[in-house]
Amino acid sequence: MKTDIMLISSDGSNMDAALEQVEKAAAYKGLSEKNAMCLRLLAEETMAMVRAIAGNVNGEFWMEDEDQVYTLHLRVQSLVDEAQRSQLLSASTSGKNEATRGFMGKIRSFFEPSSSVPMFSAGFGGGAPQMYNSYAWSLEDYKDQLRQYSEQNKKDAQEAWDELEKSVVGHLADNVKVSILGRTVEMTIAKKLI
């Protein structure tokens with residue numbers, strides 16, 4: 001099953017309707033109250049992220065399910081190019097994007113295109129694999145790398161893990177994937193519900 005694709009905006013347009021659509025789909029599928037609430041929370045976190053993106057951004061939101069795996073989709077055309085992003089960041093005393101703190105802040109950073117997509121906090125370096133102006137990132141890979149960094153006692157590893165544990169999405173979702181192709185950013189949040 002796939003729900004209708006809802007056009008949403010960072011100004012809040014259609015977000016309530018998108019949340020209602022998630023609730024209706026959960027009821028139609030006969031999900032328990034607990035599972036329906038889980039989907040609702042994941043959808044609310046997705047909407048909160050859209051609201052936090054700088055500027056007036058429009059996107060598409062929908063939900064799909066297959067074999068009891070429910071996937072929330074958010075697709076946005078990013079409006080800020082690298083020159084604009086650099087100009088905005090130069091106004092910061094640190095010259096860094098302070099909004100990338102925390103797990104959801106790191107995901108939000110994917111919606112601001114740059115030459116190196118920040119996959120981890122500054123202490124971790126690296127970025128997502130790059131190929132023909134496209135990137136891919138997943139929560140599973142992020143958790144694996146955090147585990148490795150923790151075992152190696154790398155600076156900031158425990159703090160990053162603690163932020164992940166506090167995140168609603170990091171705690172409830174089975175996986176989160178972000179893919180970028182040019183200026184199109186798509187995030188999927190998957191959760192298996194029995």
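We're numbering straight along the sequence, starting at 1.
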Minimum-distance pair of heavy atoms, taken over all atoms of Met6 and Ala18: CE-N, 3.8 Å
So, for Ala26 and Leu39, which heavy atoms are closest and what is the spacing to 0.1 Å? CB-CD1, 4.4 Å
Kindly say whether Ser9 contributes a backbone atom to a donor-acceptor pair with the side chain of Ser13 at under 3.5 angstrom? no
Has the side chain of Ser138 got a donor or acceptor atom that lies under 3.5 Å from a matching backbone atom of Asp141? yes
Expected output: side-chain Asn175 to main-chain Ala190 donor-acceptor under 3.5 Å: no
Salt bridge or not for Asp174 and Lys192, using N-O below 4.0 Å? no
Do Arg147 and Glu151 sit within salt-bridge range, that is, some charged N less than 4.0 Å from a carboxylate O? no
Using a distance-only test with no angle check, is there a side-chain donor-acceptor pair under 3.5 angstrom linking Thr184 and Gln77? yes
Report the distance from atom CG of Asp4 to atom CH2 of Trp62, rounding to the nearest 0.5 Å. 12.5 Å
With no hydrogens and no angle check, do the side chains of Gln148 and Asp144 hold a donor and an acceptor under 3.5 Å apart? no
So, does Lys191 use its side chain to make a donor-acceptor pair with the main chain of Val69 at under 3.5 Å? no
Give me the ring orientation class for Trp137 and Tyr142: parallel if the planes are under 30° apart, tilted from 30 to 60°, perpendicular past 60°. tilted
Would a distance-only check, ignoring hydrogens and angles, find a side-chain to backbone donor-acceptor pair under 3.5 Å from Asn35 to Ile194? yes
Short question: side chain of Thr3, backbone of Met63 - any donor-acceptor pair under 3.5 Å? yes
Taken in chain and number order and not counting sequence neighbours, the residues that satisfy side chain to side chain contact (heavy atoms under 4.5 Å, CB included) with Ser179 are Glu186
With sequence neighbours left out, the residues meeting ring-ring contact (aromatic ring centres under 6.0 Å, His included) with Trp161 are none
